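Quantities reported herein were computed from a predicted structural model and do not represent experimental measurements.
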Amino acid sequence: MATAHAARRGPAVLGDLLPGSLARDAALVAGAAAFVGVAAQIAVPLPGTPVPVTGQTFAVLLAGAALGFGRAGLGMIVYLLAGMAGVPWFTDGASGAGFPTFGYVLGFVVAVAVVGRLAERGGDRTPLRTVATMLTGTAIMYAAGVPYLMASLHVGLGKALHLGMTPFLAGDALKVALAAALLPAAWKLTGRLTGRRTP
């Protein structure tokens, strides 16, 4: 009965459109970790701050929306633990935990899970809902990253915001706008291909 209801309801997130179950989910978890690890290497340093501009945060938001709470959350846990264990896939090939931007990596785990849960509830089906979902995820990353930056650099909140948030707001707005264009369009396309209606 529940299975029939789920089939009628359709996929909760884009990752559900792929065939398979356990093997698919394991591949998606590993793929999410690798995707964020590759995106972390796209880094542009900014003068005066240890926090670079990267493709990492956009990858986290997309992974959360595409894979949902469980798979995306596990993917970021794999990314976090493997990086702490020595896999050089944090920004600029870093690993471990002894760098000022590690707080953002911790924030990825929470942000991706929240974005994933919101996406499961339709938070990536329209541009407006996608903007709200992505802004929520971005705020969570800052909520973890900025205090860690404060403690790591021994600076006050104002300085930490200046170093770790203010220079990135315009880029974040662009990422959110891009996600708001891409994700609803992907749902519309898959709806046409599968014959399903998306809300």
Side-chain angles (χ1 to χ4, degrees), residues 11-16 25 28-44 51-83 89-91 100-150 160-161 163-187 198-199:
V13 293
L14 289 167
D16 292 334
D25 290 344
L28 289 174
V29 166
F35 178 48
V36 174
V38 169
Q41 309 317 308
I42 305 168
V44 179
V51 185
V53 175
T54 74
Q56 196 174 22
T57 53
F58 189 53
V60 169
L61 295 172
L62 288 182
L67 302 186
F69 173 83
R71 289 170 298 208
L74 282 174
M76 287 310 95
I77 290 170
V78 169
Y79 177 67
L80 171 67
L81 295 180
W89 61 2
F90 294 152
T91 301
T101 58
F102 184 69
Y104 296 97
V105 180
L106 294 173
F108 293 166
V109 178
V110 180
V112 81
V114 171
V115 168
R117 181 64 79 205
L118 292 172
E120 288 171 355
R121 297 177 178 178
D124 63 340
R125 305 295 179 102
T126 69
L128 189 59
R129 280 188 275 176
T130 303
V131 166
T133 297
M134 297 299 137
L135 287 177
T136 300
T138 300
I140 291 169
M141 289 186 248
Y142 282 128
V146 170
Y148 194 96
L149 200 63
M150 286 174 61
L161 290 171
L163 293 174
M165 189 178 83
T166 307
F168 308 98
L169 293 178
D172 288 335
L174 181 60
K175 292 172 188 175
V176 168
L178 188 55
L182 288 176
L183 291 168
W187 276 113
T198 58

### Task
Give a yes or no on whether the backbone of G123 and the side-chain of T133 come within a donor-acceptor separation of less than 3.5 Å.
yes
### Query
Can you name the nearest heavy-atom pair linking P52 to F168, along with the distance?
O-CE2, 3.6 Å
### Message
Could you tell me if the side chain of L80 sits less than 4.5 Å from the side chain of F102, heavy atoms only?
### Response
yes
### Summary
OG1 of T138 to CE of M165, rounded to nearest 0.5 Å, is 11.0 Å
### Query
Of all heavy-atom pairs between A32 and M76, which one has the smallest distance, and what is that distance?
O-CE, 3.7 Å
### Query
What heavy-atom pair brings R129 and G122 nearest, and what distance separates the two atoms?
NH1-O, 3.1 Å
### Query
Which atom names give the shortest non-hydrogen contact between A43 and T54, and what distance separates them?
CB-CG2, 3.9 Å
Sequence neighbours excluded and cut-off under 3.5 Å, please list the side-chain donor-acceptor pairs for residues 59-69, or say none.
none

### Task
Please name the pair of heavy atoms, one in A160 and one in M150, separated by the smallest distance, quoted to 0.1 Å.
CB-CG, 3.1 Å
### Query
Quick one: are L149 and Y104 in side-chain contact, heavy atoms under 4.5 Å?
yes
#### Entry: Main-chain N/O of L161 paired to T166 side chain as donor or acceptor, under 3.5 Å
yes
### Query
If every non-hydrogen atom of V78 is compared with every non-hydrogen atom of W89, which pair is closest and at what distance?
O-CZ2, 4.0 Å
### Task
Report yes if some heavy atom in the side chain of D124 is under 4.5 Å from a heavy atom in the side chain of W187; otherwise report no.
yes
### Task
Could you list all the side chain to side chain donor-acceptor pair (under 3.5 Å) pairs where at least one residue sits in residues 55-65, not counting sequence neighbours?
Q56-Y79, Q56-T91, T57-K175
### Query
Can you tell me how far the CZ atom of F35 sits from the CZ atom of F58, to the nearest 0.5 Å?
7.5 Å
#### Entry: From CG (L183) to CG (L178), nearest 0.5 Å
9.0 Å
